[in-house]
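These notes are about the structure you will find just below.
Order of appearance sets the numbers: ligands from 1, and atoms from 1 within every ligand.
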Amino acid sequence: MGEHIILIGFMGAGKSTVARSLSRRLQWQLLDTDSMIEARAGMPISRIFETEGEASFRRTESGVLAGLAERRSPVIISTGGGLPMREENRRVLRQMGRVVYLRVKPETVCARLASDTTRPLLQGGDRKEKIRALLAERGPFYEAAAHFAVDTDGKRPDQIAEEILTALGMSGN
Ligand code: S3P
């Protein structure tokens, strides 16, 4: 198994913020699959969904993940919320290092993403209901992909990062 630390979880769980905190504490480089996809496509994710569709986005996402699996020195990886839904991706994730699921309640996501315009899967219709349904559907896949989970509701990103490092036996680094 690789040595990377990989954060997975629903949109709005705080993956990017916690990943930044981990990156700062460990002095490890931070990589973000969404940013890498945007850089590769030369456009924001919402535009990729619009022009090429979700299936194309998912193919690029798996490609980016496979590329990351080649990296040697340990990094912090923040992933898009839908990435662990593919069985193949879950397998690759677990081979790359320690997979940490940032668990979040639907109410927290609703509050955080109430006016978000960047997540195509949450646009249009009843946002609360979409979040509730999607999170219920995805929960088991996140649990299956992760080595361990951290409940994040009501916690500060630094606190969550600290919890992760303690669980990994790396705190105080
Ligand atoms: C998605 C989550 C987004 C992004 C895309 C699809 C998903 O990333 O990859 O909009 O399917 O949950 P974040 O989890 O960083 O918001």
Side-chain angles (χ1 to χ4, degrees), residues 4-23 29-69 75-93 96-97 99-146 149-153 155 157 160-161 164:
H4 306 305
I5 298 174
I6 304 126
L7 301 186
I8 63 167
F10 202 72
M11 296 171 266
K15 299 176 298 269
S16 307
T17 325
V18 174
R20 265 197 301 279
S21 174
L22 286 170
S23 162
Q29 192 187 351
L30 166 60
L31 297 169
D32 179 304
T33 59
D34 284 342
S35 307
M36 293 174 82
I37 294 166
E38 291 185 328
R40 194 183 269 198
M43 57 180 125
I45 286 170
S46 53
R47 189 103 182 95
I48 303 176
F49 268 69
E50 235 172 71
T51 57
E52 294 168 18
E54 181 173 354
S56 163
F57 172 80
R58 297 297 172 198
R59 278 194 297 277
T60 311
E61 190 174 50
S62 293
V64 161
L65 183 67
L68 283 177
V75 290
I76 310 291
I77 301 169
S78 176
T79 58
L83 186 143
M85 297 310 111
R86 280 193 177 184
E87 208 271 330
E88 164 209 346
N89 291 351
R90 288 197 293 280
R91 195 168 35 77
V92 174
L93 282 173
M96 288 170 68
V99 184
V100 185
Y101 170 29
L102 300 192
R103 210 187 266 129
V104 67
K105 291 192 175 129
E107 304 81 62
T108 307
V109 177
C110 286
R112 285 192 187 150
L113 301 184
S115 49
D116 178 81
T117 55
T118 64
R119 270 88 167 185
L121 295 183
L122 300 182
Q123 304 312 305
D126 183 341
R127 182 166 296 196
K128 267 192 190 148
E129 191 37 44
K130 278 189 177 169
I131 290 170
R132 214 172 298 281
L134 203 53
L135 191 48
E137 179 189 319
R138 288 177 169 189
F141 294 100
Y142 293 134
E143 301 281 351
V150 177
D151 288 310
T152 62
D153 303 275
K155 293 179 190 163
I160 299 163
I164 293 171

Amino acids in close contact with ligand 1, where any non-hydrogen atom sits under 4.0 angstrom away: Met11, Lys15, Asp34, Ile45, Phe57, Arg58, Gly80, Gly81, Gly82, Arg119, Pro120, Leu121, Arg138
Show me the pairs that pass salt bridge (charged side-chain N to carboxylate O under 4.0 Å, His left out) and involve residues 53-66, at least two apart or across chains. Glu54-Arg58, Arg58-Glu61
Is the ring pair Phe10/Tyr142 parallel, tilted or perpendicular, if the boundaries are 30 and 60 degrees? perpendicular
Hey, could you give me the CE/CD distance between Met85 and Glu87, rounded to the nearest 0.5 Å? 12.0 Å
Nearest-0.5 Å distance, CD1 of residue Ile37 to CD1 of residue Ile45: 5.5 Å
Dump the intermediate steps for side chain to side chain contact (heavy atoms under 4.5 Å, CB included) on Glu52 and Thr60, then the final yes or no. CA-CA 11 Å; Glu52 294 168 18; Thr60 311; 5.5 Å; no
If only side-chain N and O atoms count, and only distance matters, is there a donor-acceptor pair under 3.5 Å linking Arg86 with Ser62? yes
